Amino acid sequence: MNSSYSSELEDTPENRKKIFYKQKLIEGYDEERDITFDQTLIVTYSLTYKLYQQTVRNRQIERAKKYLEHPSESDRWEIEESFRIMKSEFDARPVYLQRDDRIKSHFLTCFISLMIYRIL
């Protein structure tokens, strides 16, 4: 890791391999508990992750534009979003199951969790 306090980072192959961070000491007072505290905040930044998030965001914007042009074709993105939630939020993969009953149970658990997640 590299400590950097520059607000502008040059997008170079070398910088894309690095994780930048800032560290800041926060001193405060908690009125509710009547105590003082010291807290160290560490914020990390990665150019590679920034580019990944930009790509994801751009794809979502494109899907939204397509939906506005053709609202009747909206069901597919909801299905894709549900699978993306299962893969990222629920860590549903990899699955090392072989018996059919266990595979079905795992799928059912993921599906019920997704339904609850979507409802909330």
Side-chain angles (χ1 to χ4, degrees):
M1 285 198 205
N2 300 310
S3 178
S4 172
Y5 293 97
S6 171
S7 61
E8 295 284 329
L9 288 175
E10 188 176 343
D11 190 359
T12 63
E14 184 178 310
N15 280 345
R16 286 188 185 190
K17 295 176 186 175
K18 297 178 183 177
I19 296 176
F20 298 90
Y21 70 93
K22 286 186 180 182
Q23 186 171 344
K24 184 174 183 177
L25 177 66
I26 305 291
E27 296 176 354
Y29 176 73
D30 185 344
E31 293 177 16
E32 194 172 302
R33 295 185 289 170
D34 191 29
I35 59 170
T36 59
F37 64 88
D38 297 333
Q39 182 176 6
T40 302
L41 297 178
I42 300 174
V43 178
T44 61
Y45 181 79
S46 164
L47 287 169
T48 303
Y49 192 67
K50 172 193 166 194
L51 295 172
Y52 166 73
Q53 288 296 325
Q54 284 177 336
T55 303
V56 169
R57 186 173 44 252
N58 290 337
R59 288 180 189 158
Q60 290 172 339
I61 290 169
E62 289 304 314
R63 276 198 307 276
K65 287 179 182 177
K66 287 180 185 177
Y67 169 70
L68 292 174
E69 293 170 4
H70 307 285
S72 62
E73 300 174 5
S74 67
D75 295 338
R76 183 174 174 212
W77 76 267
E78 290 176 348
I79 294 169
E80 289 175 356
E81 182 185 41
S82 295
F83 278 111
R84 188 169 37 257
I85 289 169
M86 277 203 308
K87 286 192 267 183
S88 62
E89 301 293 324
F90 296 160
D91 293 327
R93 296 181 343 172
V95 179
Y96 301 106
L97 303 173
Q98 295 179 352
R99 288 182 25 195
D100 284 348
D101 61 332
R102 291 184 179 174
I103 294 170
K104 290 176 184 176
S105 297
H106 178 76
F107 178 76
L108 180 63
T109 303
C110 291
F111 182 74
I112 292 171
S113 300
L114 180 64
M115 280 182 31
I116 293 170
Y117 182 88
R118 300 291 282 189
I119 290 169
L120 296 176

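The figures here come from the full heavy-atom set of this structure, side chains too, leaving out hydrogens, waters and symmetry mates. From a predicted model like this one, the values you see are computed outputs, not experimental measurements.
By the side-chain hydrogen bond (donor to acceptor under 3.5 Å, both in side chains) test, Arg16 pairs with Asp11, sequence neighbours left out. Residues that satisfy the side-chain contact (heavy atoms from CB on, under 4.5 Å) test with Glu14, not counting sequence neighbours, are Thr12, Lys18.
If you take CD1 on Ile42 and NZ on Lys22, they are separated by 14.0 Å, rounding to the nearest 0.5 Å. Rounded to the nearest 0.5 angstrom, Glu10 CD and Asn15 CG are separated by 7.0 Å. Of the inter-residue distances, the one linking Tyr52 atom OH with Ser46 atom OG reads 12.5 Å to the nearest 0.5 angstrom. Rounded to the nearest 0.5 angstrom, Leu25 CG and Asp38 CG are separated by 5.5 Å. Separating the CD atom in Gln60 from the OG1 atom in Thr55 is a distance of 11.0 Å, to the nearest 0.5 Å. With rounding to the nearest 0.5 Å, the separation of OG in Ser105 from CZ in Arg99 is 9.0 Å.
Cluster membership for Leu120 and Ile112, using ILVMFWY side-chain heavy atoms within less than 4.5 angstrom, is shared. Linking ILVMFWY residues whenever their side-chain heavy atoms come closer than 4.5 Å, directly or via other members, places Leu108 and Ile116 in the same cluster. Note on Val56 and Tyr49: same hydrophobic cluster, where clusters join Ile, Leu, Val, Met, Phe, Trp and Tyr whose side-chain heavy atoms are under 4.5 Å apart, directly or indirectly.
When every heavy atom of Tyr29 is checked against every heavy atom of Phe37, the shortest pair comes out as N-CE2, 3.5 Å.
Contact check for Ile103 versus Gln98: no side-chain heavy atoms found under the 4.5 Å cut-off. Residues Phe20 and Thr44 form no side-chain contact, since every pair of their non-hydrogen atoms from C-beta on lies 4.5 Å or further apart.
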**OP:** Starting from the C-alpha separation in whole Å, work towards a yes-or-no answer on side chain to side chain contact (heavy atoms under 4.5 Å, CB included) for Ile85 and Tyr117.
**Re:** CA-CA 9 Å; Ile85 289 169; Tyr117 182 88; 3.6 Å; yes
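Here the rule is side-chain contact (heavy atoms from CB on, under 4.5 Å) with Arg63, and of Lys66, Lys65, Arg59 only Arg59 fits it.
Look at Arg57 and Glu62 and you find no salt bridge, because none of the NZ, NE, NH1 or NH2 atoms lies under 4.0 Å from a carboxylate O. A salt bridge links Arg33 and Asp30; the closest N-O separation between the charged side-chain nitrogens and carboxylate oxygens is under 4.0 Å.
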